[in-house]
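A quick write-up on the structure given underneath.
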Amino acid sequence: MKPLANAISKRGRSKRSHKLWIAVFVLAALGLAWVGYIQWLIHSAQGRTLGARADVAIVLGASLWNDRPSPGLRERLDWAYGLYADKKVDRIIVSGGLDANGATITEAEGMKQYLTERGVPQDVIVEEREATSTYENLLYSKRIMDREGWKEPVIVTHQYHGARAMDIARFVGLTGAVPSLTESRVMWMPWHKTRETLAYTKWYADKLRMKLNL
């Protein structure tokens, strides 16, 4: 009886091992499909740019280096400056709170300083100094828009970031928002697109949690 019992035990272990490998394969396939979907969303947003005139440009913040906009943030600000110079917008909201990297001013303050140095009048720029995430950038900027009576914003950020930013904009009620996206010549895109996949995944989880009031 012992050889028979051993054979049955081996078959049981083999079946469990087979099921485990199937589960691993399915999870891996789902993971790859999800990554592919997110990258497709990122790519599909890259060609979208502002056509008509908008009420205000919302520039999404990024890090400051020694209280000055980082090279990546300067690209966003230069893009917003171009929209203002081309008379596509009359107002600019610069959104970003205090960095955790030792900055002594908020991202919004550093962004406003950069734009005024380029010749944008101070009264054109509205600072949003509290946000610490893309969700807060857009939520708090919407509060400013509601206060000022602005309805149609253009969201200024990088191409890799546009799809998530637009999804968040719709979620917070910026239904009239359109993207205006700049490419980057100073950021390493493989890293940022990979990181954006993780950030998008987290956003989907956060969005579901907020919809379910969890």
Side-chain angles (χ1 to χ4, degrees), residues 38 41-42 44-46 48-50 53-64 69-70 72-73 75-77 79-80 83-84 88-101 103 105-115 120 123-182 192 195-214:
I38 296 302
L41 288 175
I42 292 171
S44 67
Q46 290 182 4
R48 301 173 64 186
T49 56
L50 175 65
R53 187 181 180 87
D55 292 334
V56 61
I58 301 173
V59 187
L60 303 184
S63 61
L64 301 179
S70 62
L73 182 53
E75 289 179 324
R76 297 182 187 182
L77 293 167
W79 194 259
L83 294 177
Y84 175 76
K88 293 293 184 72
V89 295
D90 293 324
R91 297 287 187 271
I92 300 172
I93 296 174
V94 287
S95 176
L98 191 64
D99 270 341
N101 62 358
I105 60 174
T106 63
E107 291 174 3
E109 290 173 287
M111 294 159 76
K112 181 175 182 177
Q113 180 179 341
Y114 180 85
L115 287 172
V120 180
D123 59 359
V124 166
I125 306 166
V126 181
E127 296 177 54
E128 183 290 296
R129 299 185 181 184
E130 302 298 326
T132 59
S133 67
T134 302
Y135 172 74
E136 292 181 351
N137 285 144
L138 294 164
L139 179 65
Y140 299 163
S141 293
K142 183 180 184 298
R143 293 175 183 173
I144 294 172
M145 289 183 58
D146 291 344
R147 183 187 73 208
E148 299 294 335
W150 299 329
K151 302 296 184 184
E152 297 181 346
V154 54
I155 298 172
V156 177
T157 188
H158 281 98
Q159 290 177 345
Y160 76 90
H161 188 221
R164 179 163 59 98
M166 289 303 299
D167 193 66
I168 295 172
R170 289 188 290 270
F171 183 80
V172 302
L174 290 172
T175 54
V178 294
S180 188
L181 309 175
T182 180
H192 285 281
R195 183 175 178 273
E196 185 64 12
T197 300
L198 299 175
Y200 219 134
T201 302
K202 181 180 182 301
W203 162 241
Y204 266 86
D206 289 344
K207 180 167 64 170
L208 179 61
R209 174 179 53 79
M210 286 185 280
K211 284 183 175 180
L212 297 175
N213 294 318
L214 297 178

### Query
When you look at I125 and V120, which way does the side chain to side chain contact (heavy atoms under 4.5 Å, CB included) test go after all the steps?
CA-CA 8 Å; I125 306 166; V120 180; 3.8 Å; yes
Interatomic spacing from [atom1] in [X] to [atom2] in [Y] - rounded to 0.5 Å:
X    : Y    : atom1 : atom2 : answer
R143 : E130 : CZ    : CD    : 9.5 Å
E128 : M111 : CD    : CE    : 9.5 Å
R195 : H161 : CZ    : NE2   : 8.5 Å

Quick one: closest heavy-atom pair of [X] and [Y], and the distance?
X    : Y    : value
A80  : V156 : N-CG1, 4.2 Å
I155 : A169 : CD1-CB, 3.5 Å
I168 : Y135 : CG2-CA, 3.7 Å
A165 : T157 : CB-CG2, 4.4 Å
S141 : I93  : OG-CG2, 3.6 Å
N137 : S95  : ND2-OG, 2.8 Å

### Query
In chain order, what residues pass the side-chain contact (heavy atoms from CB on, under 4.5 Å) check against A62, with sequence neighbours excluded?
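A62 satisfies side-chain contact (heavy atoms from CB on, under 4.5 Å) with L73, R76 only.
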### Message
side chain to side chain contact (heavy atoms under 4.5 Å, CB included) for V56 and D90? Distances and angles first, verdict last.
### Response
CA-CA 6 Å; V56 61; D90 293 324; over 6 Å; no
Measuring only between side-chain heavy atoms, which start at C-beta, is [X] closer than 4.5 Å to [Y]?
X    : Y    : result
L77  : P69  : yes
D99  : T106 : no
V154 : P179 : no
V59  : I92  : yes
L139 : F171 : no
E152 : T175 : no

### Query
Within the distance-only criterion (no hydrogens, no angle test), does the side chain of E109 pair as donor or acceptor with the backbone N or O of I105 below 3.5 angstrom?
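Judged by distance alone, no pair lies under 3.5 Å.
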Could you list the donor-acceptor pairs under 3.5 angstrom formed between side-chain atoms of residues 196-206 and any protein atom two or more places apart in sequence or on another chain?
from: E196; atom 1: OE1; to: R164; atom 2: NH2; distance (Å): 3.0
from: E196; atom 1: OE2; to: R164; atom 2: NE; distance (Å): 2.7
from: T197; atom 1: OG1; to: Q39; atom 2: NE2; distance (Å): 2.6
from: T197; atom 1: OG1; to: K193; atom 2: O; distance (Å): 3.1
from: Y200; atom 1: OH; to: A163; atom 2: O; distance (Å): 3.4
from: T201; atom 1: OG1; to: W34; atom 2: NE1; distance (Å): 2.7
from: T201; atom 1: OG1; to: T197; atom 2: O; distance (Å): 2.8
from: K202; atom 1: NZ; to: D206; atom 2: OD2; distance (Å): 2.8
from: W203; atom 1: NE1; to: D167; atom 2: OD2; distance (Å): 2.7

### Enclosure of K151 NZ (heavy-atom neighbours >12, cutoff 6.0 Å)
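Open: at most 12 neighbouring heavy atoms sit under 6.0 Å from NZ of K151.
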### Message
Holding to side-chain hydrogen bond (donor to acceptor under 3.5 Å, both in side chains), I want the full list of residues that pass it with Q113, two or more places apart in sequence or in another chain.
### Response
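So Q113 forms a side-chain hydrogen bond (donor to acceptor under 3.5 Å, both in side chains) with E117.
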#### Entry: For I58, the option from R91, K142, M145 that meets side-chain contact (heavy atoms from CB on, under 4.5 Å)
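Passing option: M145.
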